[in-house]
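Numbering of ligands and ligand atoms starts at 1, following listing order. FYI, side chains are in, hydrogens and waters are out, and symmetry mates aren't considered; it's all heavy atoms of this structure. Just so it is clear, the model here is predicted, and its values are computed rather than measured.
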Amino acid sequence: MSSTATLPTHCQPPPMPLSEYDDEGQTEIYMCVLWFAGELGITYYDTEDCSIYFMSGIPDNEDLKLLHKVIDEVLPQCILSSAKQDHTLAKFLNNVSATVGGKQENGKPEVVFYPNTDFGLEVSKQRILSKQFPFIPSHMTAAEKILYLSSIVPFESPLVIRAIGGLLKFLDRRRVGVELEDGDVGVPILAFKKFVLTDIVHVDQDTYCVLQIFKSEIHPSVYKHASGKKEGLSLYGVLNHCRCKWGEKLMRLWLMRPTRNVTELNKRLDVIEFFLLARNHETVLTLQECLKNIKNVPMILRRMALSNTKVSDWQALYKTVYSAICLRDTCRSLPSTIELFQTISQVFTDDLHYIASLISKVVDFEASVSENHFSVRPHVDPIIDEKKRKLIGLSDFLTDVARKELQDLDNRIPSCSVIYIPLIGFLLSIPQLPTMVDKSDFEIEGLDFMFLSEEKLHYRSTRTKELDSILGDLHCEIRDQETLLMYQLQTKILEKSTVLNNVIEYVAHLDVLLSLTVMARENGYTRPRFSHSQIIRIKDGRHPLMELCAKTFVPNSVHSSETSGRIKILTGPNSSGKSIYLKQVGLITYMALIGSYVPAAEAEIGAVDGIYTRIHSRESVSLGLSTFMIDLNQVAKAVNNATERSLVLIDEFGKGTNTMDGLSLLAAVLRHWIRQGTQCPHIFVATNFHSLIQLRLLPDTHLVQYLTMDTHQDGDELVFFYQIKEGVSMVSHAANIAALAGMPPQVIARGVEVSELLRNGEPIRRIDHSSKEKQLESCKSLVDRFLSLNLDDPQLDLKEFMNQEVLPSASSIL
Ligand SMILES: *[C@@H]1O[C@H](CO)[C@@H](O)[C@H](O)[C@H]1NC(C)=O
Ligand SMILES: *[C@@H]1O[C@H](CO)[C@@H](O)[C@H](O)[C@H]1NC(C)=O
Ligand SMILES: *[C@@H]1O[C@H](CO)[C@@H](O)[C@H](O)[C@H]1NC(C)=O
Ligand SMILES: *[C@@H]1O[C@H](CO)[C@@H](O)[C@H](O)[C@H]1NC(C)=O
């Protein structure tokens, strides 16, 4: 196993093996949105793979939640819509954009409105049908072309067609991606791809962050320009052992979009299960070896479409195609009962052989590299062969010509040569004699003087002119001819680009699943089972990130169902592992919902439709909102949106506000869910509000189960077992934790005393008295002074004595 498969035992980010891809600058996304009669038409153009993505007419209601989700995920540079739009969408888009005084605020998309006529249905259809797509073979008739296009473009959805039409118009007007090209170079469109957002599990930004799905400061969509960047400790970082860029990209997408389509999840798990079998280990290694050679094909295709193909692109493409054939042949030998293998066997068509043989027959890699120019192999083009032969024979031939020239020259001239300069042609070169000083001395009869350089005089002669016309600018001609051939080759390959797009798509699937296989094997993960009932049952689960950092990790089980309580209230001292437990439940569920094996002995998960979290983290505090505001915000989201299929994780609710407010709100929220009965979500609440239990703020119901972290009092020391058990932690272990933190014993003792008195409703006495001896002494001195008073003295002011002497001493005596 190669080094990338070893574990990050010290929590360093795993290496990203992918710096070889040239960074082609940032990817840009241009999106077009139409909304009509409650349906959305969304399409966008991605400059990275020059593809148009579309989402078929999908319903979205007034609050445009789905659109919001898509925008959050895709992060478009620019959003286009029709000027004549429904009021709601216009308002929504204007709100999304942040054009402040003509300048884009960081990260917010620009919003552009075009006249409604640009989005007409007929106009749009025509625009699509009349466009020259490189992937449409030139030999197709108009009718064949329409047939072909209608198999990949959803002509049955008017809204999507109108959106695509508008987008095409926009791309051409802006000249997206071809700003620097000649005017006749169109915006390359290399594929149409459908994207789906059905069956997604709701996850919000906070959850990505607190569950450490992605490293906090990086938005999940940064995969677009993430090459070479290191990912900190995150689920993505730990799971990602992908061998090619497309695998990494898809891994991020899966992690960003967990699904509850159980069919899809089981398909993924089937592949992992197959790869995990010991007898398939060799196959895994073979496939991974091939995956390493899958290069940046979309970028190469894009350069082909713009006729900017580099020598290295031909090599990279050849290597990719060759490896794709190897992948296909391997998959053909695997059981076709597994859909991915069958799909790869089929869609990696013989067009790959066609492309590979075309490249290997035409491209002379060795010469191309040494000349840094596309060079054609012999026997491809007779004209080029002929010219090259001439060029090779040229030096002997020129010596011959030079000998003839010398015979015709003045005897004083000892030698001469004939040279070839590209773009200028052939010249006679003569050494400058000492007698030749002035320009007039350079003139030689019958020769046209051209220039003096390095003490050599250069002339055109009748013979060199003859050579020019016979041999022409041989070099240039060969190059031109070769370039022409390269264009033809490009066109032929672009016509077969469908197979290359399929390669990228399925290679990514294979890569991600192999990567998940590696993790599953190395960490002893198990296959989760999906259940139709609303259940989360995990036996001996582990935290997938913590277990990599800790020497030993105590596994814990989870059982949330109608019979075992859907609301778990978790109490226990600080640092006993409550938050870890909460995150562990979240992470294991999350992993199951992307189709990964999970760190547990067994796991059974119902189709979870959303994960709502309120877990304190450094990141969310830094937003400048008060903790309690974030609390309310996040918990409100859960209260408003969580269904009986959702998972809700709440840690330390009410931490930032006064105890009474926090406690009563938490109780109110929980009572709200308890009232929902069987519709209650899976809820895990970790809290320090022991009064929630002591004051019996929740009704007695089988829906609620109390859990605590097992601890043991060993003399003064509190031992944590990190083991969950049923029950309630009544004592706060604050004293033990304070001792651990180095608090002086007398301070702790007093704390325990006061806490005890409070609980028993007894008065608390001050302890800052002076000592008994001092007290006695001051008493004595006061009495002495009193006795020394002469009460008969008429001058004696008793009032004064009381004020000056007695009262000040009182506080130290009483
Ligand atoms: C506009 O966005 C802000 C937050 O960015 C939100 O509070 C407000 O409700 C939005 N308004 C509309 C009309 O969507
Ligand atoms: C679920 O996934 C399967 C295959 O992965 C797909 O055929 C099916 O359409 C999906 N179901 C839905 C409702 O999207
Ligand atoms: C859930 O409810 C909140 C209101 O608290 C709302 O702002 C949010 O958009 C809703 N939807 C989701 C998916 O969170
Ligand atoms: C636990 O720690 C939090 C701060 O993180 C503090 O607010 C809370 O009072 C502590 N609770 C106990 C029981 O020590």
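Using the six-membered ring where Trp is involved, Trp254 and His509 have ring planes that are perpendicular, over 60° apart on the 30 and 60° scheme. A parallel orientation is assigned to the rings of His202 and Tyr612, their planes being inclined by less than 30° (bins at 30° and 60°). Ring geometry for Phe135 versus Phe133: interplanar angle under 30°, hence parallel rather than tilted (30 to 60°).
A salt bridge is absent between Arg257 and Asp199; no separation between the charged side-chain nitrogens and carboxylate oxygens falls under 4.0 Å.
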Could you give me the CA-CA distance, side-chain angles and deciding distance for Arg268 and Glu264, then say whether salt bridge (Lys or Arg N to Asp or Glu O under 4.0 Å) is met? CA-CA 6 Å; Arg268 296 178 190 176; Glu264 170 66 24; 3.0 Å; yes
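Using a 4.0 Å heavy-atom criterion, the residues that approach ligand 2 are Thr198, Asp199, Asn261, Glu264, Lys267.
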Acceptor/donor pairs from residues 346-353 side chains to any protein atom, 3.5 angstrom cut, sequence neighbours excluded:
from: Thr349; atom 1: OG1; to: Asp351; atom 2: N; distance (Å): 3.3
from: Asp350; atom 1: OD1; to: Arg328; atom 2: NH1; distance (Å): 2.9
from: His353; atom 1: NE2; to: Arg328; atom 2: NH2; distance (Å): 3.1

